[in-house]
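Below is one structure, written out as C-alpha cells; the observations come after it.
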Amino acid sequence: MMDALPVLPDSGAPGADLLEWARSLELQSAEAILAAASRRFGDRLAVVTSFQDTGSVILDIAHRNHLPIRVITLDTGRLPEETHIQIDRVRERYGIEVEIVVPDSLQVEELVRERGPNLFRVSPEHRFACCNVRKVQPFRRAVADLDAWIAGLRREQGASRRAIRTVEVDRSNRPDGSLIKIHPLADWTSEQVWQYIDEHRVPYHPLYDRGYRSIGCAPCTRAARPGEPVRAARWWWEEGAKECGLHLVQVGSR
Ligand code: SF4
C-alpha cells in the first residue's frame with residue numbers, strides 16, 4: 001500500500017491525484033511513463049544515472065521522444081575511467097548537459113583521514129559510511145530542488161528489488177514524502193534492455209564488453225562470474241542486500 005498521500009511541493013497536485021496517476025502508469029510502456037512524468041513534473045524531474053545499461057536505455061527513450069528531462073550523475077571520486085568516457089559519449093550523442101554532482105570535499109577528507117581510503121573493505125559499517133559520504137549525501141543535495149527522480153531499477157535484478165513499483169514515494173531519501181521515485185523499466189528483463197540497446201545502437205558503458213553486468217565505483221565492482229546473480233559482483237566480499245543506500249526498500253511507501 002502506498003501510505004499517506006503527499007502533496008507535492010509547488011505542483012499543486014493533491015495526494016489522491018498522485019495515487020491515481022501512479023496506478024494509471026503501472027502497466028504503461030517506458031515511453032508513456034517518461035512522457036507522463038515529464039508532463040507532470042517538468043524541470044523538477046531528473047534521471048539520476050550511473051550510466052549502466054538501463055540508464056542508457058532511459059536516456060535514449062527520452063531523447064527519441066523529445067522529452068526535456070534533466071540528467072544527473074554522481075561522481076563519487078572512485079569511479080572507473082570508463083564511466084567518464086561514457087559520460088562524454090552521452091553528452092556528444094544526445095547533445096545534452098549532464099549535471100555531475102560530487103561529494104563534499106571536507107566530508108571525504110575527514111572520512112579517509114579517520115578510516116583510510118579503502119575503508120569499505122573493513123566492515124559493512126565502514127562501507128555504508130563511504131557510500132553515505134560519496135553517494136547518499138551528494139544525491140540528496142542533488143535532488144533537493146526536485147519533486148521526482150527516475151531510476152533504472154528492474155524487478156529482475158534481485159531480491160531487494162523484486163517488489164518495486166513503477167511509481168513510489170521515496171521516504172528513505174526525503175522522509176516527509178514529498179519526493180517521488182519512478183522506475184520506467186521496472187518490468188523489463190535484461191534481454192529486453194540489451195535488445196533495445198542493439199536495435200537502437202545506444203552507446204553503452206565500455207565495461208559491459210569486459211564482462212561486467214552491474215557497474216559502480218571501481219574498487220567495489222568486478223566482472224561477473226558465470227551464473228552468478230546480477231549484483232553479486234558489487235561489494236562481493238559482503239553478504240546480504242547489495243545496495244548503496246539510494247535504493248533502500250521503502251517501508252510503507254507502496
Ligand atoms: Fe565507497 Fe565503494 Fe560505496 Fe563507492 S561503492 S561510495 S567506493 S563504498
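One-based numbering, in listed order, for ligands and for the atoms of each.
- Every residue two or more places apart in sequence or in another chain was checked for a ring pair (Phe, Tyr, Trp, His ring centres under 6.0 Å) with Tyr212, and none qualifies.
- Residues Lys181 and Asp170 are not paired through a salt bridge, judged by the lack of any N-O separation under 4.0 Å between the basic side chain and the carboxylate.
- Within 6.0 Å of the CZ atom in Arg141, the count of heavy atoms belonging to other residues, nucleotides or ligands exceeds 12.
- For the ligand labelled ligand 1, residue Trp235 lies inside the 4.0 Å heavy-atom shell.
- Atoms of the protein (N, O or S only) found under 2.8 Å from atom 1 (Fe) of ligand 1 are Cys130 SG.
- Checked by atom type, the side-chain pair Asn132/Arg140 shows no donor-acceptor distance below 3.5 Å.
- In this structure a side-chain-to-backbone donor-acceptor pair under 3.5 Å is present from Thr73 to Thr49.
- In this structure a side-chain-to-backbone donor-acceptor pair under 3.5 Å is missing from Arg127 to Glu238.
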